[in-house]
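Following: one structure in structure tokens, then a few remarks.
First the proteins, then the strands, lettered A, B, ... as listed; each starts at 1.
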Amino acid sequence: MSEPLLDVRDLRTEFSTDDGIVRAVDGVSFKVEPGQVLGIVGESGSGKSVTCLTVMGLNDPKFAVSSGEVLFRGEDLLKVSKSRLREVRGNEIAMIFQDPMTSLNPVHKIGRQLAEAVVLHEDVSRKQAYARARELLKAVGIPRAERRIDDYPHQFSGGMRQRVMIAMALINNPDLIIADEPTTALDVTTQAQILALLKRLQEDFGSAVIMITHDLGVVAEVADDVIVMYAARIVERGAVRSIFNEPRHPYTWGLMGSLPRLDVNVERLYQIPGQPPSLLNPPVGCRFHPRCAFAMPVCREKDPRLEATSGDPAHEEACHLDGETKSREAAALVATLTAGAVV
Amino acid sequence: MLRYLIRRLLWACVLFIAVTFVTYVIFFVVPANPARLAAGQSATPERVHEVEKFLGLDQPFYVQYVKFLKRLVLEGSLGQSFVTRQSVNEEILRAAPITASLVFGAMIMVLSLAIPLGIFSALRPRSLLDRLAMVYVLIGISLPSFWIGLVLSYVVGYKLGLTPIAGYCEVFSVPEAAACGGLWDWAYHMILPCLTLAIVVAGTYVRFVRAEVMETLTMDYVRTARAKGAPERTVIRVHVLRNAMLPVVTMVGMDIGLLLGGAIFIEAVFGLQGLGGTALESIGRFDLPVLQGVVIFGAIAIIIFSLVVDLLYAWIDPRIRLT
């Protein structure tokens with residue numbers, strides 16, 4: 001197997017706050033292969049965004065401390081110089097943010113903001129940079145791109161702004177795009193369009209994508225592999241098909257059970273009881289045990305490790321339950337979810 | 001754009017009438033007789049009555065007000081002083097440049113101090129520079145302007161003899177009898193008063209600029225700029241400063257308008273007969289036309305500068321449409 005594009009090893013990020021130290025990412029490891037789409041799923045505060053901001057070196061250095069390794073083509077981004085990191089950002093790794101309404105600078109024209117990304121990394125003339133900007137605006141489906149390049153962000157709708165953000169991310173043809181909840185702030189129809197666009201461009205440009213989301217539907221649509229995060233740790237990972245066909249962690253069951261469905265009448269939507277734990281003082285043992293319906297005494301004492309128990313070595317979960325129970329529950333859940341639905 | 005300007009001008013007229021009317025009313029509510037003051041302590045009642053008639057004070061105040069408006073609109077004249085019989089227009093034109101020198105000179109000092117200092121302390125919060133800046137802010141906000149003025153004129157002007165401690169010199173059209181004149185003398189005499197006003201005003205500005213820059217630094221588009229790979233200096237210059245300076249522009253415009261209405265204490269300390277001093281003097285003498293002149297000048301200054309601010313704002317911030 002060739003060298004992975006991104007190899008994150010035992011990443012830990014701590015923030016010092018007035019209340020104490022928050023371990024926002026606590027021993028996370030994963031790999032991204034060239035051209036692969038990796039979905040990272042979890043609730044707010046599970047550490048998925050911080051993981052990616054750490055990869056980009058975008059945490060506030062005054063408050064955040066990271067350890068571990070972030071190997072991008074073998075080079076540890078946690079250790080490189082600031083100027084090397086700037087070369088990587090926006091050029092080899094680009095990022096798309098959650099809120100397109102606030103992610104563009106309101107006082108500069110779209111064209112200038114796009115061209116800026118080109119000029120920062122390539123020795124090209126202003127004219128060439130603007131030509132590239134126009135080309136990208138067309139590629140992401142902005143109508144009348146020649147004219148709209150001189151518009152300001154407030155003259156665009158939310159969906160159009162997110163297209164601009166995608167154009168900005170792709171403009172230097174990066175090897176890896178990190179999309180942090182790119183569709184969360186958009187309405188449902190726009191979400192679908194943006195996802196389809198991302199998927200198509202990802203195939204055209206051949207970039208690898210890390211798609212951060214709390215929406216399993218998004219993951220099912222675009223991802224090859226999935227990581228489920230809970231309370232700063234990975235609780236389950238595997239190929240998307242494997243995760244959806246046989247989820248093996250109670251937290252993943254909860255996430256899948258709480259997906260709203262239009263085709264089945266339910267009395268009320270299922271929700272995982274309780275709140276995600278405070279990372280200032282996380283529960284001892286398995287961090288999910290206070291909310292887990294299957295919690296056993298061992299869960300309160302021992303931290304489960306990520307292990308493959310299903311026979312598929314690529315599918316791992318961190319749970320003390322025996323393999324038989326996991327298989328049985330997974331089958332039951334998938335059966336109820338697919339009942340009546342056309343799959 | 002044109003419609004916007006017309007609407008602003010109409011609004012200015014309404015404001016103008018309101019301001020002058022209120023001044024008139026206040027003046028007539030005060031239980032004092034300008035005619036008695038003008039006629040002198042020993043004047044007979046008949047004499048006072050004559051003066052009253054001469055000044056038009058025997059008529060009801062609304063008649064006087066309408067007369068005043070008529071004269072202002074038709075002749076562009078603010079009338080004559082009750083006390084000196086001098087034209088109020090001339091009085092204002094003499095005093096306004098003094099106050100304007102003070103205010104604009106001080107504002108330039110304020111901005112050249114507060115903008116860099118505010119930015120640096122925002123970028124390095126809790127650093128030594130930031131702490132020193134915050135101590136200065138506290139001093140600038142708490143100390144009264146006349147105290148700073150007196151200390152400066154004593155230390156810098158009297159003890160060290162570096163600058164004059166009082167007086168004003170004309171730049172243009174220097175009178176024959178004047179002891180000084182020209183650009184150099186003007187600037188030399190204005191240094192201390194401007195510095196005093198600047199020290200007082202700059203404190204607020206340092207804190208304001210610092211807060212604005214800090215807030216802008218947390219904006220999503222600043223993170224986007226960093227994610228693009230922009231070096232920190234570009235991030236600050238291109239993405240932070242312009243956004244952070246927007247509210248500062250508003251504040252500068254408003255303050256210039258306000259201060260032109262009179263920085264009385266500082267004028268008094270440095271013996272400048274500016275608008276503040278003129279207003280104070282006219283209140284003491286119940287000299288309504290002169291007071292009215294200063295009030296009108298101040299109102300017009302505020303109206304003009306808030307219009308300038310709005311136009312500037314629309315120019316800097318593309319989201320704002322003047323409609």
Exercise for review: Tell me, out of B:V222, B:T234, B:V238, who's got the most heavy-atom pairs with chain A below 4.5 Å.
Suggested key: B:V238
Point to revise | Part of B:R242 within contact of chain A (heavy atom distance under 4.5 Å) | key: side chain
Exercise for review: Examine whether an atom of A:E87 lies under 4.5 Å from a heavy atom of chain B, and if so say whether it belongs to the side chain, the backbone or both; otherwise answer neither.
Suggested key: neither
Point to revise | Most contacts with chain B, counted as non-hydrogen pairs under 4.5 angstrom, among A:S83, A:G57, A:G90 | key: A:G90
Point to revise | Contacting moiety of A:A94, where chain B heavy atoms sit under 4.5 Å | key: neither
Point to revise | Contacting region of B:P125 [heavy-atom separation from chain A under 4.5 Å] | key: side chain
Review point. Which of parallel (below 30°), tilted (30 to 60°) and perpendicular (above 60°) describes B:F104 and B:F305?
Key: tilted
Check your understanding: Between atom CG of A:L38 and atom CD1 of A:I212, what is the distance when rounded to the nearest 0.5 Å?
Key -> 9.5 Å
Review point. Are the side chain of A:Q113 and the backbone of A:N105 linked by a donor-acceptor contact shorter than 3.5 Å?
Key: yes
**Study point:** Short N-O contact, A:E146 and A:K138, less than 4.0 angstrom
**Key:** yes
Review point. Would you call B:E232 and A:K82 a salt bridge, using N to O less than 4.0 angstrom?
Key: no
Check your understanding: If you count the non-hydrogen atoms of other residues, nucleotides and ligands that lie under 6.0 Å from CZ in B:F16, is the total more than 12?
Key -> yes
Check your understanding: Are there more than 12 heavy atoms of other residues, nucleotides or ligands under 6.0 Å from atom CZ of A:R84?
Key -> yes
Study note, to complete from the structure: So, the part of A:L104 with a heavy atom under 4.5 Å from chain B: the answer is backbone
Point to revise | Whether A:K48 side chain and A:G42 backbone form a donor-acceptor pair below 3.5 Å | key: yes
Check your understanding: Which bit of A:L53 is near chain B, if near means a heavy-atom gap under 4.5 Å: side chain, backbone, both or neither?
Key -> side chain
Point to revise | A:E43 side chain to A:S46 side chain, donor-acceptor N/O pair below 3.5 angstrom | key: no
Exercise for review: Identify the residues of residues 154-171 of chain A whose heavy atoms come closer than 4.5 Å to a heavy atom of chain B, ordered by number, or report 'none'.
Suggested key: A:H154, A:M165, A:M168
Review point. Does B:D130 have any side-chain hydrogen bond (donor to acceptor under 3.5 Å, both in side chains) partners at least two apart in sequence or in another chain, and if so, which?
Key: B:R210
